[in-house]
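Okay, structure first, notes after.
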Amino acid sequence: MSVLDAPAAGSAPKDGGRGDGGLVPLFVRLKLTLLRNGLLQSTGRRAAFIGSAAVTVLVAALQVLGLVLLRGHQDADTLVVLFTGVLALGWAVLPLFFPGGDETLDPSRLVMLPLRPDPLVRALLASSLVGIGPLFALCLLVGSVLATAHGAAAVVAGVVAVPLALLVCVALARAVTTANTRLLTSRKGRDLAVLSGLVIAVGIQFVSFGAQRLGQGGGLAALEPVAGVVRWLPAASAIGAVGSASDGAYGAALAQLLVSAAALAALLWVWRRGLVRLMTSPDASTLAASGPGRTKARTSGAAGAPRFGRLLPEGRTRTVVGRSLRYVVRDPKTKTAWVSALAVGLIVPLLNAVQGTGSVYLASFAAGMLGMQMYNQFGQDTSAFWMVAQTISSARDAYVELRGRALALLLITLPFTVLVCVLTAVVIGDGTTLPGAVGVSFAVLGAMLGTGALGSALYPYSIPQDGAFKNVVPGQGSLAWISILGGMFGSGVLAGPVIALTVWLHVSDRQDALWAVLPAGAVYGALLAWAGLHLAARRTAGRLPEILAAVSKG
């Protein structure tokens, strides 16, 4: 008999021996208690929850209003079907990127409890309906029905479709999360958060690109072929049934509801099997920790990250460069920031260039995104910064430390910035302004290196280890905003002379002299970085105890 099938010791079930009576309300109360206790932990967490809830309700209300205004539009059914399809996709994918967002998504916490699979599935499904996410989905589904329901049959179909589609979304999220629970709670599994930055960055840009193309085409009617396929996929098929019933296609409406109902049954079955396997089988994630592969991993290095540093002479600079590059490869938070910056820095200029609305100078956006990685350098070390602090006894030590970190950043940033500038110029077909764009990018990058080092010394803050997207511990948010926003504004001002020179050459119709901006921007950016590193070194050497206390709070 497994843990899932064993009755509670010393207890007598009140529901005919099944032992599951009252489990659903118990789990709902547990979910509410977890939410309440979480809000009582800190004022920052309470404010974040209230703020996110208010924003969610506002966005949901505006979406419902917009969908209601679409009522009677010939393409309303197309839009709501696609909305529901995207909603279902989000419920399937987002739990993989935000595994720490809801502790109740981890069923391994219930392994030692004598719970049967079927009542456990029902209880977890009910508790999953409590939260901001289900409320948002419910509003969207209700608005979709209001936009497309015409006639009594359509209203009846809508009454069935809304809860059915919502349950499919929740069951889909639960099934996916349960199947990947041990992956998500492992060290390597948390690297999935890196993909989220890339997915979000790429997704937003391509949605913008698609919306502009859609406006140039035939409107929503151009999406009808896609909607024709999506309306037969769960949970969009449930909402599609409302439109079919409104058109008098009652057979198609019934078939679409059955598709979603069958999908719900299949998801619950998969979820149940996943729960049984998770809660009765041993965790093999560390079985091979001491095997031959472990020895090989120790000798192979960190995916080659420190090899760049081996080109430097031995000493502190080489050590700092190697350590910084290892952070980029190994630390999930650092990797997430780098992947997001690289993706956004490349996509924004190129997509604008493809659409014919960009400029080669927009490629300097990549330098700005990557330059932000220089901010809060000591916070990236978290509590391990005390080991670095033991090696800093003078401003010279602090300067070499900061210089090594800046050099590690430049090893990635410089070639990437040049690559983005060249690709943007090729796509636009404007090679004349390429030297000016590269020069401006170098000036911006140098300014951000200098201000980032200074901000790291004056406004350090701790980066919490829990949660892929928690980048500031409660109470230090103001430090983060001052450091980043102040540094970005200061960088723009400091890079002003090179920008002004470039503008003057364009206004005076002397584009042939833009080649001079490249060396000017490189030299000026290097001077800004050098000055900022020296100023930051003196501040770092004099504020080591304060910096150590600030970055160790997480």
Side-chain angles (χ1 to χ4, degrees), residues 309 312-324 327 334 367-368 370-411 413-414 442-463 472 476 478-498 522-554:
L312 301 171
E314 291 192 13
R316 182 177 187 125
T317 299
R318 177 174 174 176
T319 301
V320 174
V321 170
R323 184 205 322 136
S324 299
Y327 280 165
T334 306
L370 295 175
M372 290 179 62
Q373 309 309 311
M374 189 63 189
Y375 292 87
N376 197 33
Q377 280 292 310
F378 306 132
Q380 296 177 10
D381 298 348
T382 62
S383 58
F385 177 68
W386 74 270
M387 300 179 66
V388 177
Q390 301 303 312
T391 66
I392 298 177
S393 59
S394 65
R396 175 62 184 174
D397 293 336
Y399 172 74
V400 177
E401 174 72 25
L402 288 168
R403 185 184 63 186
R405 294 175 185 244
L407 182 57
L409 188 145
L410 287 175
L411 287 175
T413 302
L414 278 180
F442 284 168
V444 170
L445 180 59
M448 297 198 76
L449 288 178
T451 57
L454 193 59
S456 298
L458 296 178
Y459 305 104
Y461 56 90
S462 179
I463 301 177
V472 185
Q476 292 187 334
S478 58
L479 293 176
W481 283 111
I482 291 174
S483 176
I484 296 176
L485 294 182
M488 292 175 63
F489 177 77
S491 299
V493 173
L494 291 174
V498 175
V523 172
Y524 184 69
L527 289 175
L528 290 178
W530 176 83
L533 289 174
H534 274 280
L535 289 174
R538 289 197 289 268
R539 302 299 188 278
T540 300
R543 301 184 71 250
L544 273 180
E546 293 88 345
I547 295 174
L548 183 59
V551 303
S552 301
K553 290 185 178 180

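- Closest approach of Ala457 to Pro460, counting heavy atoms only: O-CD, 3.8 Å.
- For Leu528, the side-chain contact (heavy atoms from CB on, under 4.5 Å) criterion is met by Ala447, Leu494, Tyr524, not counting sequence neighbours.
- Looking at Ile392 and Val388, their side chains come closer than 4.5 Å, going by heavy atoms from C-beta outward.
- Residues passing the salt bridge (charged side-chain N to carboxylate O under 4.0 Å, His left out) test with Arg539: none are found, sequence neighbours excluded.
- Closest heavy-atom contact between Gly404 and Val320: C-CG1, 3.6 Å.
- Annotation for Leu449 and Ala406: closest pair CD2-CB, 4.4 Å, computed over non-hydrogen atoms.
- In this structure, the separation between CD on Gln373 and OG1 on Thr334 is 8.5 Å, given to the nearest 0.5 Å.
- Going from atom CE of Met374 over to atom CG of Leu454 covers 10.5 Å, rounded to the nearest 0.5 Å.
- Note on residues 526-549: pairs passing ring pair (Phe, Tyr, Trp, His ring centres under 6.0 Å), not counting sequence neighbours, are Tyr399-His534, Trp530-His534.
- Val321 has its side chain out of reach of Ser324: every pair of non-hydrogen atoms, C-beta onward, lies at least 4.5 Å apart.
- The distance from the CG atom of Asp381 to the CD1 atom of Ile547 is 11.0 Å, given to the nearest 0.5 Å.
- Counting heavy atoms from C-beta on, the side chains of Arg403 and Arg316 never come closer than 4.5 Å.
- Arg405 places a side-chain N or O within donor-acceptor distance of the main-chain N or O of Gln377, the cut-off being under 3.5 Å.
- Here CG of Leu458 is found 11.0 Å from CD of Glu546. Values are rounded to the nearest 0.5 Å.
- The CG atom of Asp397 sits 11.0 Å away from atom CG of Leu402, with the distance rounded to the nearest 0.5 Å.
- In this structure, Thr451 and Tyr375 have side chains that are in contact, with non-hydrogen atoms separated by less than 4.5 Å.
- A distance-only check finds no donor-acceptor pair linking the side chain of Thr413 to the backbone of Gly371 [under 3.5 Å].
- For the pair Phe442 and Leu414, the minimum side-chain heavy-atom distance is below 4.5 Å.
- Pairing each heavy atom of Ala537 with each of Ala398, the nearest pair is O-CB, 3.5 Å.
- Proximity of Leu544 to Phe385: side-chain heavy atoms (C-beta onward) are separated by under 4.5 Å at one or more points.
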